[in-house]
There are 2 protein chains.
Amino acid sequence: MDKRIKRYLPMTESAYYILLALTEPRHGYGIIKQVEEMTAGRLKLGSGTIYGTLSKMQDDDMITVYSDEKRKTIYEITDIGKQILRLEFDRLDELHRNKERYKGEFL
Amino acid sequence: MDKRIKRYLPMTESAYYILLALTEPRHGYGIIKQVEEMTAGRLKLGSGTIYGTLSKMQDDDMITVYSDEKRKTIYEITDIGKQILRLEFDRLDELHRNKERYKGEFL
DNA sequence: TCTATTATGTCGCAACGTGATATAGTCGAG
DNA sequence: CTCGACTATATCACGTTGCGACATAATAGA
């Protein structure tokens with residue numbers, strides 16, 4: 001596992017949901033709407049957040065620009081992106097386990 | 001729910017584990033060791049991280065300084081701190097549910 | 001025609017994590 | 001009794017990041 005991958009962990013909530021929204025190729029605005037749906041309206045991503053994160057992810061080969069139809073830019077997750085997402089899944093599992101283990105102390 | 005609380009969500013991994021380590025009052029170094037144990041050595045908090053986060057949390061009444069025995073400073077979680085932690089638990093539940101729901105698409 | 005929605009992009013600020021650095025007490029091995 | 005390892009706390013500067021604000025424009029419907 002190289003440094004490029006490690007740099008992305010822990011993943012921010014925004015970055016995590018942006019990647020998770022890419023179950024299928026989507027354009028920026030579609031990602032915003034998908035994340036809103038996944039979080040029941042809780043998380044509304046600002047344009048600076050998606051387009052900023054998206055171009056950073058592109059630099060790091062986590063996503064590719066899929067196509068340009070009219071003025072839409074379609075993003076697609078790469079194998080590297082999937083790999084990082086899976087590592088984040090593992091981290092989330094750990095967080096979840098520790099939550100279950102200790103939450104009783106804080107009720 | 002006031003702004004003071006909302007400002008802490010989403011919580012960073014470091015802040016989350018620091019609070020979670022306060023199941024009982026602990027001093028800074030004890031928190032570092034407890035977090036290391038909870039994460040099986042994965043997360044080693046730097047001194048800048050704990051003492052920085054700890055004094056910020058103190059400013060926001062999430063923790064209180066419990067006592068000074070010799071040169072140790074003991075930190076204890078407050079009711080506000082517990083409240084924020086519980087909201088973070090809820091957010092983590094949502095993350096976990098969405099992970100379970102979509103992870104199949106990335107294997 | 002006007003307004004809401006879709007759609008993309010940039011800029012600067014504030015916040016955060018962290019390593020480096022400094023300081024000092026304790027305790028066991030040699 | 002000395003030396004190194006570990007315990008313990010604290011501050012500073014640095015780079016990265018998230019994100020709101022702002023700008024721009026096309027499209028669809030009222």
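Since the structure is predicted, the reported quantities are computational estimates derived from the model, not experimental observations. Each chain gets a letter, A, B and so on, in the order its sequence line appears, and its residues count up from 1.
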Peer 1: Have a look at S55(A) and say if it touches a base, only the backbone sugar-phosphate, or nothing, with a 4.0 Å heavy-atom cut-off.
Peer 2: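 Result for S55(A) = nothing.
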Peer 1: Are the side chains of I50(B) and Y75(B) in touch, meaning some heavy atoms are under 4.5 Å apart?
Peer 2: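 They are not in contact (no side-chain heavy atoms under 4.5 Å apart), so the answer is no.
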Peer 1: What pairs of residues pass the salt bridge (Lys or Arg N to Asp or Glu O under 4.0 Å) test when at least one of them lies in residues 42-53 of chain B, not counting sequence neighbours?
Peer 2: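 As it turns out, the salt bridge (Lys or Arg N to Asp or Glu O under 4.0 Å) pairs with a partner in residues 42-53 of chain B, which skip direct neighbours, are E94(A)-R42(B), E13(B)-R42(B), E36(B)-K44(B).
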Peer 1: Using whole Å, what does the distance between atom P of nucleotide dT9(D) and atom CD1 of I18(B) come to?
Peer 2: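 Checked: the CD1 to P distance equals 13 Å.
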Peer 1: D90(B): which residues meet the salt bridge (Lys or Arg N to Asp or Glu O under 4.0 Å) condition with it, sequence neighbours left out?
Peer 2: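 Salt bridge (Lys or Arg N to Asp or Glu O under 4.0 Å) list for D90(B), sorted by chain: empty.
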Peer 1: Between dT16(D) atom C1' and D59(A) atom CG, what is the distance in whole Å?
Peer 2: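 In whole Å, dT16(D) C1' lies 14 Å from D59(A) CG.
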Peer 1: Just grab all the ring pair (Phe, Tyr, Trp, His ring centres under 6.0 Å) pairs involving residues 23-57 of chain A, residues at least two apart or on different chains.
Peer 2: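 Checked against ring pair (Phe, Tyr, Trp, His ring centres under 6.0 Å) - neighbours excluded - no pair reaches residues 23-57 of chain A.
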Peer 1: Measure from CG on L9(B) to P on dG18(D) and round the result to the nearest Å.
Peer 2: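 Taking CG of L9(B) and P of dG18(D), I get 17 Å after rounding.
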Peer 1: Roughly, in whole Å, what's the span from NZ in K56(B) to P in dA10(D)?
Peer 2: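 It is 17 Å, rounded to the nearest whole Å.
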Peer 1: What pairs of residues pass the salt bridge (Lys or Arg N to Asp or Glu O under 4.0 Å) test when at least one of them lies in residues 73-82 of chain A, not counting sequence neighbours?
Peer 2: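 Sorted pair list comes back empty.
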Peer 1: From CG of L54(B) over to P of dC16(C), roughly how many Å is that when rounded to an integer?
Peer 2: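 Distance check: L54(B) CG to dC16(C) P gives 14 Å.
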Peer 1: Could you tell me how far apart M11(A) (CE) and dG18(D) (C1') are, to the nearest whole angstrom?
Peer 2: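 Rounded to whole Å, this separation is 15 Å.
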Peer 1: Please state whether the phosphate of dA8(D), meaning OP1 or OP2, lies under 4.0 angstrom from any side-chain nitrogen or oxygen of T73(B).
Peer 2: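 The answer is no; no side-chain N or O of T73(B) sits under 4.0 Å from OP1 or OP2.
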Peer 1: Do T39(A) side-chain atoms and V35(A) backbone N/O form a donor-acceptor pair below 3.5 Å?
Peer 2: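 Between the backbone of V35(A) and the side chain of T39(A) there is a qualifying donor-acceptor contact (under 3.5 Å).
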Peer 1: Do any of residues 20-51 of chain B sit with a heavy atom less than 4.0 Å from DNA chain C, and if so which?
Peer 2: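 S47(B), G48(B), T49(B) - these, ordered by number, are the residues of the stretch whose heavy atoms sit under 4.0 Å from the strand.
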Peer 1: For Y75(A) and dA7(C), give me the distance from atom OH to atom C1', rounded to whole Å.
Peer 2: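 After rounding, the gap between these two atoms is 10 Å.
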Peer 1: Does OP1 or OP2 of dG17(C) have a side-chain N or O of T53(B) closer than 4.0 Å?
Peer 2: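 Answer is yes, contact under 4.0 Å.
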Peer 1: Are T12(B) and dC16(C) close enough that a side-chain N or O sits under 4.0 Å from OP1 or OP2?
Peer 2: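 Negative; the distance criterion is not met.
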Peer 1: Output all residues satisfying side-chain contact (heavy atoms from CB on, under 4.5 Å) with H96(B), sequence neighbours left out; order by chain, then residue number.
Peer 2: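 If we apply the side-chain contact (heavy atoms from CB on, under 4.5 Å) test to H96(B), skipping adjacent residues, the hits are D93(A), H96(A), K99(B), E100(B).
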